[in-house]
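Below: one structure, written as structure tokens.
Note that the structure is predicted; figures quoted are calculated from it, not measured. All heavy atoms count here, side chains included; hydrogens, waters and symmetry mates do not. Heads up: numbering here begins at 1 and tracks the sequence. Just follow the structure's listing: the first ligand is 1, and inside any ligand the first atom is 1.
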Amino acid sequence: MQFVEANGARIPAIGLGTWELRGRTCARLVEQALRLGYRHVDTAQIYENESEVGEGLRASGVDRDEVFVTTKVWTTHFAPNDLERSTKESLAKLRLAEVDLLLLHWPNPRIPLSETLGALAHVQRLGLARHIGVSNFTVALIEEAVVVCPAPMVCDQVEYHPYLDQAKVLDACTRHGMALVAYSPIAKGRIRNDKALAGIGEKYRKTAAQVCLRWLVQQNVAAIPRTSKIERLSENIELFDFELSDHEMRQISAFGSAKGRLTDFGFAPKWD
Ligand SMILES: NC(=O)c1ccc[n+]([C@@H]2O[C@H](COP(=O)([O-])OP(=O)(O)OC[C@H]3O[C@@H](n4cnc5c(N)ncnc54)[C@H](OP(=O)(O)O)[C@@H]3O)[C@@H](O)[C@H]2O)c1
């Protein structure tokens, strides 16, 4: 496993995304992923699966210290007291004393960013989160956040895959020592039918999804692909035994455009 270093954090380059994984399936996938070598799991309060993620962690038998666990605070809990309460609820569900990374899930313009980031840094000082960061922040919001956040942020988790150009966000993260963590890294499964990526993969005996994930980690980006199928778990981490050429990296980057975004919940910030 490779790691992405960011403001004191060491983030395993591939993590298991768990959005929409529920109940027994979620616990079993987390358990199996950790047995197969995953060391990073991404959940969120709003996914309503933190208990099952915690169950999977314990069932895997992997030491707690070896696993990087991320959860996120939902936007309705951004007032300082709510944020602390919500974090404690997440930890109770996960049955963990602390998470490795605690993120603000989406920007919430109704509450001043300085207050929410102050509260986030406070729960970090309380020992409830080793590291803190944000998600779905535009470049403008990152710039605002680094000024008002009392502690270093380690990442911006945003949508990123070959169909979406995120050069500006990646550049802002790098400038501030933060990692970009890519969500929907295989474009919600659309990559599986990509003939160009499959073509590149033939040379390395890799699938289109593996080429796509390799393209991300080769940019020093962390990625959190989700699968509900045990047999795909291995596929999505077997990326560290081949390297894309500079030409292939550029070729894949050229597929991206500003219009390639797949996630828009209707309350998204104005992306620049
Ligand atoms: N911060 C945020 O606002 C935010 C937003 C969205 C997502 N996320 C996080 O990012 C994670 C990943 O994003 P995502 O779930 O939207 O999408 P994703 O990981 O890009 O794609 C998931 C889809 O790809 C399919 N898939 C997985 N591995 C595959 C493979 N090797 N070959 C072909 N198809 C494959 C899965 O189907 P099967 O289940 O059938 O394998 C599933 O339909 C989430 O689970 C969540 O943890 C965060």
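Residue Val158 does not touch ligand 1, judged by heavy-atom distances below 4.0 Å. Contacts of Ser184 with ligand 1, taken as heavy-atom pairs under 4.0 Å, involve both backbone and side chain. At a 4.0 Å heavy-atom cut-off, ligand 1 touches Asn136 through the side chain alone. Residue Arg192 touches ligand 1 through its side chain alone, judged by heavy-atom distances below 4.0 Å. Within the 4.0 Å heavy-atom criterion, the part of Ala187 lying near ligand 1 is the backbone and not the side chain. For Glu235, every heavy-atom contact with ligand 1 shorter than 4.0 Å involves the side chain, none the backbone.
Taking the six-membered ring for Trp and the full ring otherwise, Trp215 and Tyr160 have centroids separated by under 6.0 Å.
Taking every heavy atom of Trp19 and a limit of under 4.0 angstrom, the matching atoms of ligand 1 come to 15 (O), 16 (O), 44 (C), 45 (O), 46 (C), 47 (O). Taking a cut-off of under 4.0 Å to the non-hydrogen atoms of Ser228, the atoms of ligand 1 that pass are 38 (P), 39 (O), 40 (O), 41 (O). Taking every non-hydrogen atom of Tyr47 and a distance limit under 4.0 Å, the qualifying atoms of ligand 1 come out as 4 (C), 8 (N), 9 (C), 46 (C), 47 (O), 48 (C). Close approach of ligand 1 to His105 is summarised as follows: ligand atoms under 4.0 Å from at least one heavy atom of the residue are 1 (N), 2 (C), 3 (O). Those atoms of ligand 1 that come under 4.0 Å of a heavy atom in Lys229, given as number and element, are 38 (P), 40 (O), 41 (O). The Ile224 neighbourhood of ligand 1 comprises atoms 9 (C), 10 (O), 11 (C), 12 (C), with distances under 4.0 Å to a heavy atom of that residue. Heavy-atom contacts of Thr18 reach the following atoms of ligand 1: 45 (O), 47 (O) (cutoff under 4.0 Å). Every atom of ligand 1 is numbered from 1 in the order shown, and the set under 4.0 Å from a heavy atom of Gly189 is 21 (O), 23 (C), 24 (O), 25 (C).
Considering Trp19, Phe78, Trp74 in turn, Trp74 is the only one that fulfils the ring-ring contact (aromatic ring centres under 6.0 Å, His included) rule with His105.
Residue Ala209 has no nitrogen or oxygen atom sitting less than 3.5 Å from a nitrogen or oxygen atom of ligand 1, judged on distance alone. Taking any N or O of Lys72, backbone or side chain, none lies under 3.5 Å from an N or O belonging to ligand 1. Considering backbone and side-chain N/O atoms, Thr263 never comes within less than 3.5 Å of an N/O atom of ligand 1. Between Pro225 and ligand 1, no pair of N/O atoms sits closer than 3.5 Å.
Using a 4.5 Å heavy-atom cutoff, the side chains of Lys206 and Leu239 are not in contact.
Between the side chains of Tyr183 and Asn136, at least one donor N or O lies within less than 3.5 Å of an accepting N or O.
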What pairs of donor and acceptor atoms, side-chain ones from residues 28-35 against any protein atom, are under 3.5 angstrom apart with sequence neighbours left out?
| residue | atom | partner | partner atom | Å |
| --- | --- | --- | --- | --- |
| Glu31 | OE2 | Arg35 | NH1 | 3.2 |
| Glu31 | OE2 | Arg35 | NH2 | 3.2 |
| Arg35 | NH2 | Ala59 | O | 3.1 |

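With sequence neighbours excluded, the residues satisfying side-chain contact (heavy atoms from CB on, under 4.5 Å) with Ala222 are Val4, Ile11, Val181.
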The test is side-chain hydrogen bond (donor to acceptor under 3.5 Å, both in side chains); show your working for His77 and Glu89 and say whether it passes.
CA-CA 11 Å; His77 300 134; Glu89 273 171 28; 5.9 Å; no
Going through the distances and angles, do Asp241 and Arg214 end up as a salt bridge (charged side-chain N to carboxylate O under 4.0 Å, His left out)?
CA-CA 10 Å; Asp241 56 353; Arg214 178 72 210 181; over 6 Å; no
